[in-house]
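Sequence lines set the chain letters: A, B, ... in the order given, protein chains first and strands last, and positions in each chain run from 1.
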Amino acid sequence: MENVTQHSEPHYDPEASKLGMWLFIFTELLLFGGLFIVYSIYRFLNPVAFQLAGEELNVVIGAINTIILLVSSMTIAMSTTALQQKNKKLTLFLLIVTVVLALVFLVNKYFEWGTKFHHGIWPGSPHLINDMSKGEILFFGLYFVMTGLHALHIIIGMIFILVALKRVQKGTVNADRPSLLENAGLYWHLVDLIWIFLFPLFYLIH
Amino acid sequence: MQTAVPILHEVSYLEYKGKYKGLFSWILSTDHKRIGLMYMYAMMTFFLIGVMLGLAMKLELIAPGRTIMGPQTYNALFTVHGVIMIFMIVIPGLPAVFGNFMLPIMIGAKDVAFPKLNLLSWYIYMTGSILVICSVLFGNGIPDTGWTFYAPYSFKTGTNLLPAIFGAFVLGFASILTGLNFIVTIHRMRCPGMTWLKMPLFAWSLYGTAWIQLLATPVVGITLVLVALERIFGIGVFDPALGGDPVLYQHLFWIYSHPAVYVMILPAMGAISEIIPTFSQKHIFGYKAIVASTIAIAFVGYFVWGHHMFTSGMSGTAQYTFSILTFIVAIPSAIKVFNWISTMHKGSINPDIPFLWAISFIFVFMIGGFSGLVLGALATNVYVHDTAFVVAHFHFIVFGGVGFAFFGAIHYWYPKMFGRMYDKAWAKIGWAFFFVGFLTLYSPMFYLGMMGMPRRYYDYLPEFHAANILSTLGSWVMAFGLLIIIINLFRSAKNGAIAPMNPWNGKTLEWTVPSPPPTENFEDIPVYGEKDGPYEY
């Protein structure tokens, strides 16, 4: 059988950890999948209100954030290549860039949410409940839940990348044992991918 | 297959001295066997709490009107009973205890693929359980929504529901991680020569279960988060006053919670598929059919959730479709029953205690299964919906099915886990009381449901009195049996006779290692040859 050798080295099986990561990504997709179903149903039931509410969102900030995440996906992919080429310095640099981009994304998000709060829009706010239609209440409810959950994933992804960064620095993650960094990369791409769906659903469809 | 020679002086996992001492050598251990036992002790404790709540409810129902508690207490009891039993015991039950303990040994591995993650899962499980308990102990009022947390009541009730919802969410996370661990373990760590179709059926059932855990749990996870956010912020998603749809909650809840029924029953079927060939001393009949039906149940189980909602407001087309799909899911279960019976045919049957549990499992499982068809059929479902009939069906499957299989599995693997044998005479007496008590407790509920007694009421009409007395008497007989079983198992772990390596003459790999197994399970990883298999008698 193909996996005879793995027992001689029980603590390192890159195939296993990659499979585990993919399975975990699967569960994350289903987690957001549930929310996407809820979104689709309410969009179908309240098309006009969703369109009106969508115009409240700032497309420019959303677009900038999309570009930021796409670039960060690129930098983390480049960092795995750099690790393979045994260029530790470049790997570390690219990982730091990725974390900084993630931070910029969160700062933008903070201002975006801040503006909404300033306009009196938050889940259960009097302005939302009293002055807006039910479809708009649902839109903003989902907006805060989905982008909030996504932001939480950005934070988890940042921690994951920082752990990988620390290990690369120590040398325990290297060209021969790149699993942890590759898995951090996979996770980061997932976070990126979910945003790629969130952005058009909330900001672009009019 | 090379027969492993037991090395008697090898230190067993129970006596192994690692880095830590005392309690820490358990709660910091990444050994899959110790983690399995820790799950078992935790679950047994929670199970006894759940049983006492059940007994209290039955006592309340011994007479019409208020007997020992009022309606609010009764609501709290069935809610907490349900949450504890479903989320803390039956869903994680067999995979977490016997899956953890036996899976690596059965496939010839030294541990699961991610031992640290495995320990983390246990901590997550304990965190979730403690959160659930907190919802009972603190706050203003014990949750009273039922274990299904139906909207909109789940965010209107003034009781302390948040920790319970959050606990269920956290428990789901533990379940996902265990499933992930098992899938990777089965893919990567089967011993050389053990092809997919030479894998023991218990391992197969865990594999099917793990996929359901992985693919269905996140959906209920996000649904529970939405209910929690609805409670805290009022996001409106399930609140009709804010434009949300409470029926959507039911859909999302059952998209997970129906497959979760198969998370419960599949490993139970797997354990029965191990016990029956061993005690018939015969190759399992239709190995491939059992494997295929395991996968079929896991697959079709996703598409039947609507049968929980026939009266909640669905289109006729949806109702017919869900009803037909529900009938389809009965077929693979029936295939398994057929295969178990055929395995016994012309076998050399040893009617020892695990076998008694296995055949009583088949008996109660079939009653549960047939009553499931009554509920799956649209016309009869509308008639008995939300009556005691549903409660009886559910307990025949989940307590009769999973519970009997759990006790069967524990009596089967006990000598391997502890290296000692329990007192067989007491075990049989305990089983007899339990079995008779079980039937006396739940059978009258079928009748009561048909007569129209609704579920979840602390009170009933006088004409239901006789059957309810019988049911309550049954609960006492069953509890007495349970007490005998648990005391017997508990005492024998220290004082039982020393068990041999292979007391039942089983052929799966766990019977080739000493009892109890050494920490690393195998000195050398076993190798399956051309002619080896898990059931070659």
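- Top candidate by heavy-atom pairs under 4.5 Å with chain A, chosen from Thr217(B), Leu226(B), Val225(B), is Leu226(B).
- Closest approach of Thr27(A) and Leu214(B) over heavy atoms only: CG2-O, 3.4 Å.
- Surrounding CZ of Phe166(B) are at most 12 heavy atoms belonging to other residues, nucleotides or ligands under 6.0 Å away.
- Leu117(B) does not touch chain A: none of its heavy atoms, backbone or side chain, sits under 4.5 Å away.
- Between the CH2 atom in Trp22(A) and the CD1 atom in Ile183(B) there is a gap of 15.0 Å [rounded to 0.5 Å].
- In terms of heavy-atom pairs under 4.5 Å with chain A, the best-connected choice from Leu180(B), Val219(B), Ile232(B) is Leu180(B).
- Heavy atoms of other residues, nucleotides or ligands lying less than 6.0 angstrom from CZ of Arg231(B) number more than 12.
- Heavy-atom distances place no part of Ser133(A) under 4.5 Å from chain B, backbone and side chain included.
- Evaluated for a side chain to side chain contact (heavy atoms under 4.5 Å, CB included) with Ile235(B), the options Val145(A), Leu138(A), Leu142(A) yield exactly one hit, Val145(A).
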message: Assess the residue pair Asp13(A) and Val184(B) against the criterion (side-chain contact (heavy atoms from CB on, under 4.5 Å)); give the C-alpha distance rounded to whole Å, side-chain angles, the decisive distance to 0.1 Å, and a yes or no.
response: CA-CA 11 Å; Asp13(A) 181 0; Val184(B) 177; over 6 Å; no
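- For Phe303(B), the CZ atom sits in a packed shell: over 12 heavy atoms of surrounding residues, nucleotides or ligands are nearer than 6.0 Å.
- Within residues 249-257 of chain B, the residues approaching chain A closer than 4.5 Å by heavy atoms are, in numerical order, Leu252(B).
- Rounding to the nearest 0.5 Å places CZ of Phe144(A) at 10.5 Å from CZ of Phe233(B).
- The two atoms that bring Lys134(A) and Pro240(B) nearest to each other are NZ-O, 3.7 Å, heavy atoms only.
- Contacts between Leu45(A) and chain B at a heavy-atom distance below 4.5 Å are absent for every atom of the residue.
- Summarising the local packing, CZ of Phe322(B) is surrounded by more than 12 heavy atoms from other residues, nucleotides or ligands at distances under 6.0 Å.
- Under a cut-off of 6.0 angstrom, the local environment of CZ in Phe299(B) is sparse, with at most 12 non-hydrogen atoms contributed by other residues, nucleotides or ligands.
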query: Going through the checks in order, is the side-chain contact (heavy atoms from CB on, under 4.5 Å) test met by Asp245(B) and Tyr42(A)?
result: CA-CA 9 Å; Asp245(B) 182 3; Tyr42(A) 288 137; 3.4 Å; yes
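- Both the backbone and the side chain of Leu242(B) come within contact range of chain A, each with at least one heavy atom under 4.5 Å from a heavy atom of that chain.
- Both the backbone and the side chain of Phe24(A) come within contact range of chain B, with heavy atoms under 4.5 Å apart.
- Looking at Leu29(A), neither its backbone nor its side chain comes within 4.5 Å of chain B, counting heavy atoms on both sides.
- Looking at Leu149(A), the atoms closer than 4.5 Å to chain B (heavy atoms on both sides) all sit in the side chain, from C-beta outward.
- Environment of NZ in Lys18(A): sparse, with no more than 12 heavy atoms of neighbouring residues, nucleotides or ligands closer than 6.0 Å.
- Using a 4.5 Å cut-off between heavy atoms, Leu215(B) contacts chain A through both its backbone and its side chain.
- Among Gly34(A), Ala16(A), Pro123(A), Gly124(A), the residue making the largest number of heavy-atom pairs under 4.5 Å with chain B is Ala16(A).
- The shortest distance between side-chain heavy atoms of Phe32(A) and Pro218(B) does not fall below 4.5 Å.
- Few gaps surround CZ on Phe117(A); more than 12 heavy atoms of other groups in view lie less than 6.0 Å from it.
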